[in-house]
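All chains are named by letter (A, B, ...) in the order of the sequence lines, taking the proteins before the strands, and each is independently numbered beginning at 1. These numbers were taken from a predicted model, which means no experiment stands behind them.
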Amino acid sequence: MKSRRATHARRASERLRLTVGRALLLAAIVVAWELGARAGVIDPYFVSRPSRLAQTMAGWFAGGFIYPHIWATVQEAVIGLAVGIVGGVLVGMVFAFFPFLSGLFHPLIVVFNATPRIALAPLFIVWLGIGLTSKVAMVVSLVFFIIFFSTYAGLRDVDVNLINHVRVMGGTRRDLMRHVLLPSALTWIFASLRACVGFAVIGAIIGEYLGADRGIGWIVQYGESMFDSNMVIAGLLVLMVFVATLDGSLGWLERRFSHWKQKPL
Amino acid sequence: MITVERVTQTFETPAGEFTAVRDVSFRVSAGRFVSLVGPSGCGKTTLLGMIAGLLPVSAGRIVLGDRPVSGGVPPDIGYLFQRDALLPWKTALQNVALPLTIRGRPAGETRARAVEWLRRVGLAGFESYYPHQLSGGMRKRVSLATTLIYGPSVLLMDEPFSALDVQTRNLMENELLELWAETRNTVLFITHDLEEAIALSDEVIVLTAGPGRVKASYPIPLPRPRNVIEIRFREEFTRLYEQIWKDLRDEVQASYARATRL
Ligand SMILES: Nc1ncnc2c1ncn2[C@@H]1O[C@H](COP(=O)(O)OP(=O)(O)OP(=O)(O)O)[C@@H](O)[C@H]1O
Ligand SMILES: [Mg+2]
């Protein structure tokens, strides 16, 4: 008991040291950046400087300028994510259970998946306009394939032994689905969900960057067209915080749903 | 009752056809405990797979009770796999409860019976553990409880204890005999270990080196209830062991010679 408490205390102090160290590192970078820009060692025209960025961002948040843009990006990413996940799961299930269909569509899927989605973005904008739909399409084109492959693999790669085990105890096809296939697929899907969120945001931003009238990607693109590096970098910072928050919450969700898994030693 | 009649299993392999089991016939009467022994690779697991309806026979016929096994898993059968097959995303309790859940039993009853079975296999207090948090022997016991909880009248067991250390194995063998004394289901038990086969069974069937055929069958007239450790010291046990071992040794040697020959 005592030794466990000791380990606990040691872990906590390690964590604390790490947190403090990280904060110091960040502070050092910010200070060096600021001083470097003020002293003229680095050109603030290209990289701005922390105090100006802070000012710009504070203005954005205080004045309410930023919220509609964040909302636009969130909307595109979330709708695209939802459509991509549902579509990927459904198609993955259909293909896993109807091998003929899967064989039929296999080449098509491979070709689509191999196409760089950035190349499709201008097409989506031409087809669907500069509004929400083209960004959602962009996000879906990225998320769908990841989820589709995970679902398919999760359903096909189930240990035969587990299937036989449930069949022998009297399990019907529905029981197999519920107790073996879906849980297996879910673990694969969860494992790829974090990557999907990253891709969803990237998809939305790229879409906005290439043609939109709002969104964080639009801010970056607009700043660029004005040669305003301050605006570009402030936009990117907002994006970074946004993605980090999202990723953190997903990490938490993932841990909650994979409690049955063995932790790597 | 399990009736296996002139059963053959031939696999298609890249190297051509491969006969794993040839022309095997035997019978396990209702309520009997029968062991199959034979060298590794002689087709024991293949035989169980066919009896459980997981693998269609290439020739011959298998009958459980009065129902021929064909095109699917027969009802009322239990199978303890050689590799344990617990669902990793379910707790010990949920795993043991699964057969009842599948049968649509009320949740309260299901839970109570699963708790009771975990206790019977010596795992009270481990209800909420996931398979990866249990030792190999504990996982085997969870598997055993999962197989016994729904009271199948035919029980197939594929080397259930071979991965355990001798002490745990003896404990579990005794446990199995006690549980079986209550249920008296028909058991077909596979093992490499001749001592285990004799200690547990009413009859021991020796298979030849692959493709497996029945080489001989020995009734084991030792009294029950048995204690698997003490029974080994009886004179009769030693006599049976020597007798059966002669048959088995020839087959193990034949199998080994074949496997190491270039
Ligand atoms: N699906 C399969 N396809 C081809 N060959 C197979 C297949 N399953 C089993 N075999 C072969 O059949 C033979 C018997 O296998 P089986 O698993 O029944 O042996 P076993 O008696 O259970 O061996 P062990 O005691 O080592 O578990 C082996 O030679 C194996 O390679
Ligand atoms: Mg085997």
Side-chain angles (χ1 to χ4, degrees), chain A residues 1 4 7 89 92-93 96-97 99 147 150-194 251-265, chain B residues 45 48-55 64 69 71-105 128-134 139 142-143 145-158:
Chain A
M1 212 58 224
R4 181 187 281 185
T7 327
V89 168
M93 283 172 70
F97 296 127
I147 294 292
S150 300
T151 308
Y152 186 77
L155 293 175
R156 295 309 300 253
D157 280 8
V158 180
D159 187 352
V160 182
N161 231 24
L162 295 186
I163 292 183
N164 284 342
H165 172 66
V166 175
R167 277 180 68 195
V168 165
M169 67 172 71
T172 58
R173 288 175 71 95
R174 240 188 60 213
D175 297 319
L176 282 176
M177 197 68 206
R178 181 169 152 212
H179 297 288
V180 186
L181 296 172
L182 283 185
S184 164
L186 268 183
T187 61
W188 281 70
I189 292 170
F190 263 107
S192 58
L193 215 49
R194 263 170 107 167
W252 177 80
L253 257 179
E254 198 180 322
R255 278 192 297 281
R256 277 215 46 173
F257 281 94
S258 58
H259 50 89
W260 57 267
K261 269 198 186 157
Q262 186 159 17
K263 307 275 177 298
L265 289 174
Chain B
T45 300
L48 282 205
M50 290 187 287
I51 297 170
L54 299 171
L55 190 65
L64 288 187
V69 176
V73 175
D76 204 21
I77 189 169
Y79 190 159
L80 207 56
F81 290 87
Q82 191 165 4
R83 282 193 300 134
D84 69 343
L86 296 172
L87 301 176
W89 39 80
K90 288 186 186 291
T91 61
L93 188 75
Q94 289 167 337
N95 264 294
V96 174
L98 188 57
L100 302 184
T101 311
I102 277 175
R103 285 164 175 72
R105 307 306 278 265
S128 58
Y129 280 55
Y130 285 92
H132 81 265
Q133 297 170 314
L134 300 169
R139 280 203 291 271
V142 175
S143 301
T146 308
T147 309
L148 294 178
I149 192 169
Y150 58 104
S153 62
V154 170
L155 196 53
L156 309 174
M157 304 178 88
D158 196 349

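- Within the 3.5 Å criterion, the main-chain N or O of A:G154 finds a donor-acceptor partner in the side chain of A:S184.
- A distance-only check finds a donor-acceptor pair linking the side chain of B:W89 to the backbone of A:H179 [under 3.5 Å].
- Contacts of B:P75 with chain A are absent, with no heavy-atom separation under 4.5 Å from either backbone or side chain.
- Checking side-chain atoms of A:N161 against main-chain N and O of B:F81 turns up no donor-acceptor pair under 3.5 Å.
- With a threshold of 4.5 angstrom between heavy atoms, B:D84 approaches chain A through N, CA, C or O but not through any side-chain atom.
- Interface residue B:Y150: only side-chain heavy atoms are found under 4.5 Å from chain A.
- With contacts defined as side-chain heavy-atom distances shorter than 4.5 Å, the pair A:R167/A:L176 qualifies.
- To the nearest 0.5 Å, atoms CE (A:M169) and CG (A:N164) are separated by 11.0 Å.
- Heavy atoms of A:D175 lying under 4.5 Å from chain B belong exclusively to its side chain.
- Interface summary for chain A: among B:T146, B:T147, B:L54, the most heavy-atom pairs under 4.5 angstrom belong to B:L54.
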